[in-house]
Q: 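First the structure, then my questions, so here it is.
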Amino acid sequence: MKKWIGATTLSLLCLALPVKAEQYRFTYSKLYYQLKVNQKKGHEDVRMALFFNDSQTGKACQIKKAWMEKEEHYEEFKIPTNQELPLPIDDNLKSANPLVYIQTEEGKQCDISMEVLANNPLIDTVSVNELTLLTTQMDAMLSDIGGMFSKYFMPDVEGVRFVFSDAVTSGIKASNGVIIPIENGKATIDLREFNKGDSFELPATPLKVTPWLVK
């Protein structure tokens with residue numbers, strides 16, 4: 001079964017839109033307008049990314065195949081380990097407006113998720129200063145997405161959330177002796193609890209590094 005989904009229904013961060021279809025179809029231009037914030041200056045180390053997440057666990061669904069097509073033109077995407085849909089942001093593609101197809105795991109209910117991520121993988125040890133730079137850019141991107149009005153209502157980005165594979169269970173070791181637990185594949189660092197000179201030893205390379213917002 002196929003399901004047509006207008007990308008204008010996507011939320012800024014994560015939209016719970018349950019569908020039982022295994023194949024999704026979008027027009028490129030709809031996704032382009034959701035992701036074009038990546039072209040703005042001021043947040044070069046972070047990006048907006050598109051995922052399909054398990055509606056029960058919140059973890060990324062496995063994308064079996066994804067491609068664009070327009071008449072005789074066809075291009076298949078290479079899906080990375082974190083299961084992000086690597087859609088290029090291109091004005092020529094916006095004009096051509098091909099259809100984008102995504103096939104997910106059979107029989108699994110997935111939700112569409114637009115997420116802010118760190119661009120580059122974090123490996124081994126990362127400092128508070130590095131994470132602070134990321135959170136500053138994440139905050140700027142969220143403000144760009146929401147506009148001036150949302151700045152007065154959106155909570156501040158005060159830390160980061162690491163998402164690891166299920167095989168990673170040992171915690172993140174802070175240089176001050178604190179162990180940050182990994183629960184359900186996720187670990188949150190509240191930067192307000194650490195000093196500028198602190199650093200963190202990661203047990204593995206995270207699949208995602210996303211903003212943590214104060215509720």
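What you are looking at is a predicted structure, and each value in this text was computed from that prediction instead of being measured.
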Q: Are any non-hydrogen side-chain atoms of Tyr32 and Asp91 less than 4.5 angstrom apart?
A: yes
Q: Group every Ile, Leu, Val, Met, Phe, Trp and Tyr by side-chain heavy-atom contacts under 4.5 Å, then state whether Leu133 and Met141 land in the same group.
A: no
Q: Could you tell me whether a side-chain N or O of Ser55 sits under 3.5 Å from a main-chain N or O of Asp111, the two making a donor and an acceptor?
A: no
Q: Rounded to the nearest 0.5 Å, what separation is found between the NE2 atom of His43 and the CG atom of Leu134?
A: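 Spacing of NE2 (His43) from CG (Leu134) equals 13.0 Å.
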Q: For Phe162, which residues count as a ring-ring contact (aromatic ring centres under 6.0 Å, His included) partner, sequence neighbours excluded?
A: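 Listed in chain order: nothing, the list is empty.
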Q: Kindly assign one of parallel, tilted or perpendicular to the pair Tyr24 and Phe26, based on the angle between their ring planes and the thresholds 30° and 60°.
A: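 Parallel, since the angle between the ring planes stays under 30°.
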Q: Which atoms form the tightest heavy-atom contact between Leu122 and Pro206, and what is the distance?
A: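 Heavy atoms of Leu122 and Pro206 come nearest at O-CD, 3.2 Å.
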Q: Any chain of hydrophobic side-chain contacts (each under 4.5 Å) joining Ile123 to Phe200?
A: no
Q: Is it the case that the side chain of Gln109 and the backbone of Asp54 share a donor-acceptor pair, with hydrogens and angles ignored and the cut-off at 3.5 Å?
A: no
Q: Any side-chain heavy atom of Pro203 within less than 4.5 Å of one from Ile182?
A: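 They are in contact (side-chain heavy atoms under 4.5 Å apart), so the answer is yes.
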Q: How far does SG of Cys110 sit from CD of Gln56, to the nearest 0.5 angstrom?
A: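 Separation between the atoms: 10.5 Å.
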Q: Using every non-hydrogen atom in the two residues, find where Gly42 and Ala140 come nearest and quote the distance to one decimal.
A: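 Result for this residue pair: O-CB, 4.3 Å.
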Q: Shortest non-hydrogen contact from Pro181 to Ala187?
A: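 For Pro181 and Ala187, the tightest heavy-atom pair comes out as O-CB, 3.4 Å.
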Q: Any sub-3.5 Å donor-acceptor pair from Lys70's side-chain atoms to Ala96's backbone N or O?
A: yes
Q: Check the pair Val128 / Asn195 against side chain to side chain contact (heavy atoms under 4.5 Å, CB included), numbers first and verdict last.
A: CA-CA 7 Å; Val128 166; Asn195 298 319; over 6 Å; no
Q: Applying the 4.5 Å side-chain criterion to the ILVMFWY set and letting contacts propagate, would Ile89 and Tyr33 be lumped into a single cluster?
A: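 Yes, it is one cluster - the side chains of Ile89 and Tyr33 are joined through contacts under 4.5 Å.
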Q: Taking all atoms of both residues into account, what is the closest heavy-atom pair of Gly159 and Thr135, and its distance?
A: O-CG2, 3.5 Å
Q: What do you reckon, is CD of Glu69 surrounded by more than 12 foreign heavy atoms closer than 6.0 Å?
A: yes
Q: Any non-hydrogen side-chain atom of Phe194 less than 4.5 Å from a side-chain atom of Asn176?
A: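 Side-chain contact under 4.5 Å: yes.
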Q: Please check if the number of heavy atoms outside Lys59 that lie under 6.0 Å from its NZ is greater than 12.
A: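 Atom NZ in Lys59 is crowded, with more than 12 foreign heavy atoms closer than 6.0 Å.
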Q: With side chain to side chain donor-acceptor pair (under 3.5 Å) as the criterion, how do Gln103 and Gln23 come out once you've worked through the C-alpha distance, each side chain's angles and the decisive distance to 0.1 Å?
A: CA-CA 4 Å; Gln103 292 181 351; Gln23 181 164 293; 2.6 Å; yes
Q: State, with a plain yes or no, whether a side-chain heavy atom of Lys196 is found less than 4.5 Å away from one of Asn129.
A: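 Answer yes - side chains close enough.
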Q: With side chains defined as the heavy atoms from C-beta onward, is the minimum distance between Val126 and Leu131 less than 4.5 Å?
A: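 Yes, side chains in contact.
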Q: Are Leu31 and Tyr28 connected in the hydrophobic side-chain network, where two residues link if heavy atoms are under 4.5 Å apart?
A: yes
Q: Could you check if a side-chain atom of Asn53 sits within less than 4.5 angstrom of a side-chain atom of Cys61, using non-hydrogen atoms only?
A: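 Asn53 vs Cys61: side chains apart.
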Q: Look at the side chain of Asn82 and the backbone N and O of Glu84, then say whether any donor-acceptor pair between them is shorter than 3.5 Å.
A: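 Yes; at least one donor-acceptor contact below 3.5 Å.
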Q: What are the two closest heavy atoms between Glu76 and Ala66, and how far apart are they?
A: CG-O, 3.3 Å
Q: Between Leu207 and Phe164, does a side chain to side chain contact (heavy atoms under 4.5 Å, CB included) hold up when you go through it step by step?
A: CA-CA 5 Å; Leu207 297 174; Phe164 296 94; 5.9 Å; no
Q: If you take all heavy atoms of Ala49 and Leu117, which pair is closest and at what distance?
A: CB-CD1, 3.6 Å
Q: Can you spot which of Ile189, Asp190, Val160 makes a side chain to side chain contact (heavy atoms under 4.5 Å, CB included) with Trp212?
A: Asp190
Q: Taking atom CD of Glu106 as the centre, report whether more than 12 heavy atoms of other residues, nucleotides or ligands fall under 6.0 Å from it.
A: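 Open.
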Q: Is any side-chain heavy atom of Thr27 closer than 4.5 Å to a side-chain heavy atom of Val100?
A: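 A side-chain contact is absent here, since even the closest heavy-atom pair is not under 4.5 Å.
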Q: Hydrophobic clusters here meaning ILVMFWY residues chained together by side-chain heavy-atom distances under 4.5 Å, can you tell me if Ile172 and Val163 are in one?
A: no
Q: Would you say Asn38's side chain and Met48's backbone share a donor-acceptor pair under 3.5 angstrom?
A: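 Present.
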Q: State plainly whether the residues Glu115 and Lys208 are in salt-bridge range, i.e. N to O under 4.0 Å.
A: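 Here Glu115 pairs with Lys208 in a salt bridge, since their nearest N and O are under 4.0 Å apart.
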Q: Nearest 0.5 angstrom please: Leu191 CG to Thr188 OG1, how far?
A: 11.0 Å
Q: Applying side chain to side chain contact (heavy atoms under 4.5 Å, CB included), run through Ile112 and Leu50 and close with a yes or a no.
A: CA-CA 7 Å; Ile112 303 166; Leu50 174 63; 3.7 Å; yes
Q: Using modelled atom types only, decide if a donor and an acceptor are shared between the side chain of Asp144 and the backbone of Lys40 within a distance under 3.5 Å.
A: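 It does not hold such a pair.
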Q: Quick one: pull up CD1 in Ile180 and CD in Glu201 and give me the separation to the nearest 0.5 Å.
A: 11.5 Å
Q: Can you find a pair of side-chain heavy atoms, one from Gln83 and one from Ile79, that are under 4.5 Å apart?
A: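 A side-chain contact exists here, since the closest heavy-atom pair is under 4.5 Å.
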Q: Does Trp67 form a side chain to side chain contact (heavy atoms under 4.5 Å, CB included) with Glu75? I'd like the steps, not just the answer.
A: CA-CA 6 Å; Trp67 70 95; Glu75 180 179 348; over 6 Å; no
Q: Under a 3.5 Å distance rule, please check whether Glu130 uses its side chain to pair with a backbone N or O of Ser127 as donor and acceptor.
A: yes
Q: Would you please test Asn119 and Arg47 for side chain to side chain donor-acceptor pair (under 3.5 Å) and show each step?
A: CA-CA 6 Å; Asn119 273 339; Arg47 69 184 183 278; 3.2 Å; yes
Q: First locate atom CZ of Phe77, then atom CE of Met68, and finally report the distance between them rounded to the nearest 0.5 Å.
A: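 Between Phe77 CZ and Met68 CE, I get 4.0 Å after rounding to 0.5 Å.
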Q: Measure the spacing between CG of Leu142 and CG of Leu213 and express it to the nearest 0.5 Å.
A: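 So the CG of Leu142 and the CG of Leu213 are separated by 6.0 Å.
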